[in-house]
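Taking it in order: structure first as structure tokens, then the write-up.
Here is how names work: the chains are called A, B, and so on, in the same order as the sequence lines, proteins then strands, and each is numbered from 1.
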2 protein chains.
Amino acid sequence: MNRGARTPTLEMVAAEAGVSRATVSRVVNGSTSVAPDIIAQVQAAVARLDYVPNRVARSLASRRADVIALIVPESASTVFADPFFAPVVRGVARVLGDTDYTLNLLIASESRPEKTRRYLQGGNVDGALVVSHHAEDHSYVGLGSALPMVFGGRPLIPGLTDRHHVDVDNVDSARRAVAHLLGLGRTRIGTIAGRQDMPAGLDRLVGWREAVAASGAGRASVDLVEFGDFTQDSGAEAAERMLAREPGLDALFVANDQMAAGAMRVLAAHGRRVPDDVAVIGFDDDTFAATLSPPLTTVRQPAMEFGEAMAEVLIALIAGEDVPRRTVIPTSLVRRGSA
Amino acid sequence: MNRGARTPTLEMVAAEAGVSRATVSRVVNGSTSVAPDIIAQVQAAVARLDYVPNRVARSLASRRADVIALIVPESASTVFADPFFAPVVRGVARVLGDTDYTLNLLIASESRPEKTRRYLQGGNVDGALVVSHHAEDHSYVGLGSALPMVFGGRPLIPGLTDRHHVDVDNVDSARRAVAHLLGLGRTRIGTIAGRQDMPAGLDRLVGWREAVAASGAGRASVDLVEFGDFTQDSGAEAAERMLAREPGLDALFVANDQMAAGAMRVLAAHGRRVPDDVAVIGFDDDTFAATLSPPLTTVRQPAMEFGEAMAEVLIALIAGEDVPRRTVIPTSLVRRGSA
DNA sequence: ATGAAAGCGCTAACAT
DNA sequence: ATGTTAGCGCTTTCAT
């Protein structure tokens, strides 16, 4: 490292301006109670020396970092490929842009979880946002309540279930999607459910099941479920199985758009017309949903608002405010051609 | 914030273990020169108190942060959508996984560049990686040599051109792509160039031009260039213009795969067969390149190795080693169906 | 409105 | 091998 030419300190600015360090600190941090001419003097000294405050020292003294981490699992390619992710980040960034907080995507090394934990607990951040945590991922339990945290989606992990989180009402959204299908006169309504180790997978299945059961359909209908893992291929495979089991299927609620796209491919391959023979509803309203043929009817969750809400809740939490454990972002059914 | 129940300090561990703070520090940092029984005592105390070192205090005292930042422009959605980005991050993460460094994607607020600058200069990080910087983006010039930095791609900005960077040899790669086209007997070889405010855009055009000129083709050929902005649509539009100008076109070198996909769409719409009528070569070897029809012949740049190299260069730089300013990652021409 | 002084929690000579 | 002693650069009471 280049020793020698060292960066100017607050003390040097104080000397240059002929005031105390405390005064420089006040000016730098925008305190009101400093005489105008002194402010000018200090600012001139700051400019002359090209002074930049040492944030680490400030953090140590003030016990604040002015940093918020958004924790991302190292299997980064998966997350970056998820069309839901980018807008969430943008939402967070937008909210933080108006504050003094800096946003920090922390890539969590999965092979060395203690590295991440130490970083989070070591005073580097004031709070953390957690997205796409799976049921197996217990890395955050240890953090206890040591650090303000907000989860994206209902935490599934024992010991974390009561933590603050932002979520969409997956159960109710699914219910409403099925209600729409019923309103269309459909009676054999199947579902392709997602991974059951994620809230989105679990809850959307529950909503479908509740709505189908409440419709007075027979026992058989409630068993019309095949599972996928949220990828397009898994959706295609699930649709194959579904069609083999229930050729008379007339509607399909799919737990996300990717799988819905796969399912529609298979439906077409089997000569089923959408929506005439089989009505299809997806979930997420991914960017490509409108470009499928027919355009996909789907449950839209506003990703950017989701990110904004997460950031707002976390900031309030850090400020010591009393925030409800659960913040629900409303979804809406986007009617397109497929149902 | 929850005042009161404060986190244990090194001093408390020292008291608990009945040794000095220095000894605790040694044990925590894995120093060799501590007696085995003392090590055990200290570790027991650490476990009992659930002690986690304060990294901020450590940073202040040691003048190291053990953090490396990867700076990402706030227009995050663009970057996350770029298929080149995820593997680069994975490469960086892979290298850092073997070290004590933590990786930190810093979302650079474009409206408040000083926030980013202060974070970087404030002691929070030991070094920074910069990807996808545009020519207008002068935010890093101010950093001068205050912080070890490695750029992905040749820095275009005056004052930054001599900084350390990792790059592919865009000029030579383009030259070789054109050579391949010439080897196929093509004589009317056009190019769709990318944004001219990015090295990839500039250099790939230069390579094409040099190769075409060297081939002894007439003046006219060297003018067979249309510009896009690296998006698929811009590639399609450029191809339209190209075809209008030069119906006799028999080959196309396109500065990236996205634009190549757009161009192939247009070529097909105009009844041109690829590669029979027009041979097409792209650049990047994006994931979708092999799934186009015909599969796209393209210049592959190994994104993960790119990331690995960036991380390795930065680590060496931080360690004070003498590293060449420029590290070149070799590319290869992937022959598929389009040329 | 300004300054003096006491830390924040840790590391790194230097001593022993 | 272990302890002692200064800081790292800043914030923050508490005086004045």
Apply salt bridge (Lys or Arg N to Asp or Glu O under 4.0 Å) to Arg117(B) and Asp50(A), showing your working.
CA-CA 13 Å; Arg117(B) 181 169 168 244; Asp50(A) 193 22; 3.7 Å; yes
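Contact between the side-chain N/O atoms of Arg63(B) and the OP1/OP2 oxygens of dG9(D) is found at a separation under 4.0 Å. Taking side-chain N and O atoms only, Thr23(A) has a distance below 4.0 Å to OP1 or OP2 of dG3(C). For the pair Asn54(B) and dC8(C), the criterion of a side-chain N or O lying under 4.0 Å from OP1 or OP2 is not met. Between dT11(D) and Ser62(A), no contact under 4.0 Å exists linking OP1 or OP2 to a side-chain N or O. Dashed line: the shortest gap from a side-chain N or O of Ser25(B) to OP1 or OP2 of dC10(C) is not under 4.0 Å. Within the 4.0 Å cut-off from OP1 or OP2 of dG9(C), not a single side-chain nitrogen or oxygen of Thr9(B) is found.
At a threshold of 4.0 angstrom between heavy atoms, the contacts of Arg55(B) with the nucleic acid are absent. Residue contacts for Ala35(A): at a heavy-atom cut-off of 4.0 Å it reaches the sugar-phosphate backbone alone, with no base atom in range. Using a 4.0 Å heavy-atom distance criterion, Val19(A) is classed as a sugar-phosphate-only contact.
At least one donor-acceptor pair under 3.5 Å links the side chain of Lys115(B) to the backbone N or O of Tyr101(A).
Position along DNA chain C of the nearest nucleotide to Leu60(A) versus Gly18(A) favours Gly18(A) as the more 5'-ward residue. Nucleotides of DNA chain D nearest to Pro36(B) and Ala57(B) differ in position, and the one nearer the 5' end is that of Pro36(B).
Atom C1' of nucleotide dT2(C) and atom CD1 of Ile39(A) are separated by 13 Å, given to the nearest angstrom.
Partner of His165(A) under the side chain to side chain donor-acceptor pair (under 3.5 Å) criterion, out of Arg154(A), Arg325(A), Arg326(A): Arg326(A) alone.
When all heavy atoms of Leu147(B) and Val125(B) are compared, the pair lying nearest together is CD1-O, 3.7 Å.
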